[in-house]
Amino acid sequence: ILFWNAPPAFDDDSYEVLDLTEYARRHHWWNRLFGRNSGPIVEKYSVATQIVMGGVTGWCAGFLFQKVGKLAATAVGGGFLLLQIASHSGYVQVDWKRVEKDVNKAKKQLKKRANKAAPEINTLIEESTEFIKQNIVVSSGFVGGFLLGLAS
């Protein structure tokens, strides 16, 4: 694995190449942390360990996703409810025609940006698919744990 590192002078035309494999050989803590061969997880751990690792991380992610989702839904719903109460009570007067115009304008901008971002999204999807294929046991454990985390 090679990384480009700009020299201290921050000259845009010259770069220094850092070889992480050589760095790992010289620094023993790197080897202890990431292991000698940091390839797919399939090569390092048993199937049971992979399922447990995926399940635990999936459960944690699902649980956090659930809590954050509930908080966000409560905040948005509560804000909308307060806005409606204030509007009907006469405290706030909402120009709904202007809101509709602004929403339509935002939709058009989002469509333009989505069309520009399509190649990057496709690359991300391809990389994610390849990772899942290489680590199918951990991925399936993660999905199961995620669903359990959402349910708890």
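Reckoned from all heavy atoms, side chains included, excluding hydrogens, waters and symmetry mates. We number each residue from 1, following the sequence as shown.
Taking CZ from Phe142 and CG from Leu147, the interatomic distance works out to 10.0 Å, rounded to the nearest 0.5 Å. Separation of atoms CG (Asp102) and CD (Glu100) is listed at 10.5 Å; rounding is to 0.5 Å. The structure places CD of Glu130 at 10.0 Å from CG of Asn135, a figure rounded to the nearest 0.5 Å. Between the CH2 atom of Trp59 and the OG atom of Ser152 there is a distance of 5.0 Å, given to the nearest 0.5 Å. Atom-to-atom distance recorded for Gln134:CD and Phe131:CZ is 8.0 Å, nearest 0.5 angstrom. Atoms NZ and NZ, from Lys108 and Lys112 in turn, are 8.5 Å apart once rounded to the nearest 0.5 Å.
Formation of a donor-acceptor pair under 3.5 Å by the Ser87 side chain with backbone atoms of Leu83 is not found in this model. Put simply, the side chain of Ser89 never gets that close to the backbone of Ala86: no donor and acceptor are under 3.5 Å apart.
Both Ile132 and Ile51 are assigned to one and the same hydrophobic cluster, defined by single-linkage of ILVMFWY side chains at heavy-atom distances under 4.5 Å. Trp96 and Tyr91 fall within a single hydrophobic cluster, where Ile, Leu, Val, Met, Phe, Trp and Tyr side chains are chained together by heavy-atom contacts under 4.5 Å. Residues Val103 and Val92 share a single hydrophobic cluster, defined by chaining ILVMFWY side chains whose heavy atoms lie under 4.5 Å apart.
Contact check for Lys133 versus Thr129: side-chain heavy atoms found under the 4.5 Å cut-off. Counting heavy atoms from C-beta on, the side chains of Val99 and Asp95 never come closer than 4.5 Å. Side-chain atoms of Phe65 and Phe146, non-hydrogen and from C-beta on, do get closer than 4.5 Å to each other.
Residue Gln109 qualifies as enclosed at atom CD: its count of foreign heavy atoms under 6.0 Å is above 12.
Here the closest non-hydrogen pair linking Val138 and Gln50 is CG2-CB, 3.5 Å. Annotation for Thr49 and Ser46: closest pair OG1-OG, 2.9 Å, computed over non-hydrogen atoms.
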